[in-house]
Amino acid sequence: MNIKTMEDINKLKEMKQVKYLNLDIMNPNLEVIYYLIDHGQNYSYSERIENQNGYIYVPHEIFKQSELFILDIINSIPTNLNEIEIARYLYITIGKNLGYDINILPEKNETFSLKDINMIHNIWGSLSNTKGTNTSFTKLYLYLCRIMNIDCKLITTSKLGYLKNVLTIDNTDIIVDITQDIPFIQAGFKTKNFTGYNDNLELDKKISYIKDDYAEKKIESSLRNLDYRQKDLFKTILLKTQEIIGAGNLKPIELGTIYDLIFSKYCPNYNITINNLYIHDAYNTKEHFILMNYDEKYYSYNYNRNSFVEISKEEIIKNIETKKIGIYRNEKIPFITKEIEKVI
């Protein structure tokens with residue numbers, strides 16, 4: 001059943017057979033949301049946008065948990081922001097809280113869970129899992145903007161259905177691409193896909209995105225006097241930059257994206273590789289991590305220690321051979337892959 005107003009809720013009360021609800025996220029109604037948080041236990045939820053119903057539903061508990069988080073976001077918006085500042089604040093907030101999931105990519109996995117893929121296509125499912133897709137990122141941004149009465153739409157920008165958002169503020173259209181900006185937001189970099197406002201320092205200070213300057217400026221200052229003749233340059237760059245970008249707050253894909261940029265800028269002639277591996281966690285799911293290598297020195301970010309740690313080549317090979325560590329598809333680890341193939 002499609003739900004938009006409290007009048008629809010009153011009809012719903014008389015329709016005991018209804019189990020699936022499609023909520024209009026183009027015209028969000030907080031009175032409806034509050035009611036369903038408290039009384040919607042018997043339903044599953046999907047989005048309705050521009051007269052088109054979603055096809056992925058989540059149970060009430062996930063809907064409730066996510067809506068309460070959304071309300072926290074809305075209530076945390078500073079009171080002195082104008083419309084564009086609110087739109088920017090919501091954009092940054094999504095980028096800080098959601099990331100990509102390598103485990104849903106067919107090109108990286110022999111097998112993967114269709115259930116997990118479906119879940120994070122739904123805006124409430126993505127919030128619950130803190131992982132999303134281009135579809136859920138852009139729909140969630142639209143939903144948050146619409147709650148704040150900001151004119152926001154979706155546009156398709158490729159034959160494959162890639163989505164972006166268009167904001168209309170003060171009769172001006174602003175195209176934004178939250179999907180591409182998530183790594184930069186998590187690292188405190190300037191965004192690259194918020195037309196006209198990617199490096200507005202004072203605005204980003206006002207919304208508390210940054211305290212004093214963007215992370216890439218701090219990295220530039222920290223690495224300015226690097227001695228490129230030193231033996232442990234690779235390790236030095238990792239240790240000097242990890243705190244600046246808040247590496248512990250970045251998910252693995254985003255962490256790899258940022259370090260690829262850093263290495264490309266500061267040591268472009270070094271043959272540094274970044275590979276995707278995983279360990280099996282307590283629930284027998286793949287816990288993604290990245291492995292960085294230069295000159296047979298291997299480093300990975302340890303989220304428990306909040307630091308990069310060196311891993312020996314022998315230790316990596318042993319853990320791969322004993323199945324404690326797995327390698328995602330299409331990954332070639334320098335100096336290791338061939339040795340493993342000889343044994344496996």
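Note that the coordinates shown come from a computational prediction; the quantities given were computed from them, not determined experimentally.
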### Task
Could you walk me through whether Asn42 and His60 pass the side chain to side chain contact (heavy atoms under 4.5 Å, CB included) test, one step at a time?
CA-CA 7 Å; Asn42 296 324; His60 178 262; over 6 Å; no
### Verdict with reasoning, Leu167 to Tyr91, per side chain to side chain contact (heavy atoms under 4.5 Å, CB included)
CA-CA 11 Å; Leu167 305 168; Tyr91 190 82; over 6 Å; no
### Query
Can Tyr259 and Tyr301 be said to form a ring-ring contact (aromatic ring centres under 6.0 Å, His included), step by step?
CA-CA 12 Å; Tyr259 273 102; Tyr301 189 80; 8.6 Å; no
### Task
Using the side chain to side chain contact (heavy atoms under 4.5 Å, CB included) rule, take Ile33 and Leu23 through it: C-alpha gap first, then chi angles, then the decisive distance, then the call.
CA-CA 9 Å; Ile33 298 303; Leu23 299 190; 3.9 Å; yes
#### Entry: Asn22 and Glu47: CA distance, side-chain angles, deciding distance, side chain to side chain contact (heavy atoms under 4.5 Å, CB included) verdict
CA-CA 5 Å; Asn22 303 293; Glu47 318 95 341; over 6 Å; no
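Note: Asn27 CG to Thr5 OG1 = 10.5 Å, rounded to the nearest 0.5 Å. Note: Leu250 CG to Gln242 CD = 12.0 Å, rounded to the nearest 0.5 Å. Atom-to-atom distance recorded for Asp24:CG and Arg48:CZ is 7.0 Å, nearest 0.5 angstrom. To the nearest 0.5 Å, atoms CG (Leu277) and CD1 (Ile316) are separated by 7.5 Å. The line from CG of Leu142 to CD1 of Ile147 is 10.0 Å long, rounded to the nearest 0.5 Å. Taken to the nearest 0.5 Å, the CD1 atom of Ile333 stands 11.5 Å off from the NZ atom of Lys313.
With a 4.5 Å cut-off on side-chain heavy atoms, Ile73 and Leu90 count as touching. Side-chain contact between Ile37 and Leu71: present, with at least one pair of heavy atoms (C-beta onward) separated by less than 4.5 Å. At a threshold of 4.5 Å between non-hydrogen side-chain atoms, the residues Leu140 and Ile70 count as touching. Considering only heavy atoms from C-beta on, Ile274 comes within 4.5 Å of Asp260 through its side chain. Counting heavy atoms from C-beta outward, Leu144 and Thr93 have side chains that stay 4.5 Å or more apart. Between Ile185 and Glu254 the shortest side-chain heavy-atom distance does not fall below 4.5 Å. Annotation: side chain of Tyr35 is not in contact with side chain of Asn29 (no heavy-atom distance under 4.5 Å). Considering only heavy atoms from C-beta on, Ile62 comes within 4.5 Å of Met119 through its side chain.
In this structure, Tyr45 contributes its side chain and Gly40 its backbone to a donor-acceptor pair below 3.5 Å. Using modelled atom types, one side-chain atom of Arg146 and one backbone atom of Cys152 make a donor-acceptor pair closer than 3.5 Å. Listed for the Gln41 side chain is a donor-acceptor partner under 3.5 Å among the backbone atoms of Asp38. Side-chain atoms of Thr138 come within 3.5 Å of backbone atoms of Thr135 as a donor-acceptor pair (strictly under, hydrogens ignored). Side-chain atoms of Ser46 come within 3.5 Å of backbone N or O of Ile56 as a donor-acceptor pair. Side-chain atoms of Asn319 do not come within 3.5 Å of backbone N or O of Lys324 as any donor-acceptor pair. Of the possible donor and acceptor atoms, none in the side chain of Ser128 sits under 3.5 Å from a partner among the backbone N and O of Trp124. Listed for the Asn134 side chain is a donor-acceptor partner under 3.5 Å among the backbone atoms of Leu163. Side chain of Glu331 to backbone of Asn276: a donor-acceptor contact under 3.5 angstrom is found. A donor-acceptor pair under 3.5 Å links the side-chain atoms of Asp181 to the main chain of Asn193, judged by distance alone.
Using cut-offs of 30° and 60° on the angle between ring planes, the pair Phe234 and Tyr299 is perpendicular.
Contact between Ile272 and Cys267 at its shortest, heavy atoms only, is CD1-SG, 3.7 Å. Ala87 and Ile169 get closest at one heavy-atom pair: CB-CD1, 4.3 Å. Contact between Ile175 and Lys164 at its shortest, heavy atoms only, is CG2-CD, 4.0 Å. Between Lys16 and Lys13, the shortest heavy-atom contact is NZ-O, 3.2 Å. For the residue pair Asp204 and Asn198, the shortest heavy atom distance occurs at OD2-O, 4.4 Å. Taking every heavy atom of both residues into account, Lys251 and Gln186 meet most closely at N-OE1, 3.3 Å.
Under the 4.5 Å side-chain heavy-atom criterion for grouping Ile, Leu, Val, Met, Phe, Trp and Tyr, Leu68 is connected to Ile77 within one hydrophobic cluster. Note on Leu36: it does not cluster hydrophobically with Tyr57, by side-chain heavy-atom contacts below 4.5 Å among ILVMFWY residues. With hydrophobic clusters built from ILVMFWY side chains whose heavy atoms lie under 4.5 angstrom apart, Tyr141 does not share a cluster with Ile155. Cluster annotation: Ile86 and Phe69 are assigned to the same hydrophobic cluster (Ile/Leu/Val/Met/Phe/Trp/Tyr, side-chain heavy-atom contacts under 4.5 Å, transitive). Follow the hydrophobic side-chain contacts under 4.5 Å out from Tyr55 and you never reach Ile104; the two are in separate clusters.
Note on Asp232 versus Lys297: no salt bridge recorded, every NZ/NE/NH1/NH2 to OD/OE distance being 4.0 Å or above. Between Asp213 and Lys218 no salt bridge is recorded (no basic side-chain N to carboxylate O distance below 4.0 Å). Between Glu310 and Lys235 there is no salt bridge, since no side-chain nitrogen of the basic residue lies less than 4.0 Å from a carboxylate oxygen of the acidic one.
Annotation for Lys108: atom NZ counts as buried by contact number, over 12 foreign heavy atoms lying within 6.0 Å. When the shell of 6.0 Å around OH of Tyr270 is examined, it contains more than 12 heavy atoms from other residues, nucleotides or ligands. More than 12 heavy atoms of other residues, nucleotides or ligands lie within 6.0 Å of CG in Asn75, so this atom counts as buried by the packing criterion. Within a 6.0 Å radius of NZ in Lys4, no more than 12 heavy atoms belonging to other residues, nucleotides or ligands are found. Within a 6.0 Å radius of NZ in Lys318, no more than 12 heavy atoms belonging to other residues, nucleotides or ligands are found.
At a cut-off of 3.5 Å, with distance as the only test, a side-chain donor of Tyr162 or Asp177 sits close to an acceptor on the other residue. Side-chain atoms of Asn103 and Tyr278 include no donor-acceptor pair closer than 3.5 Å.
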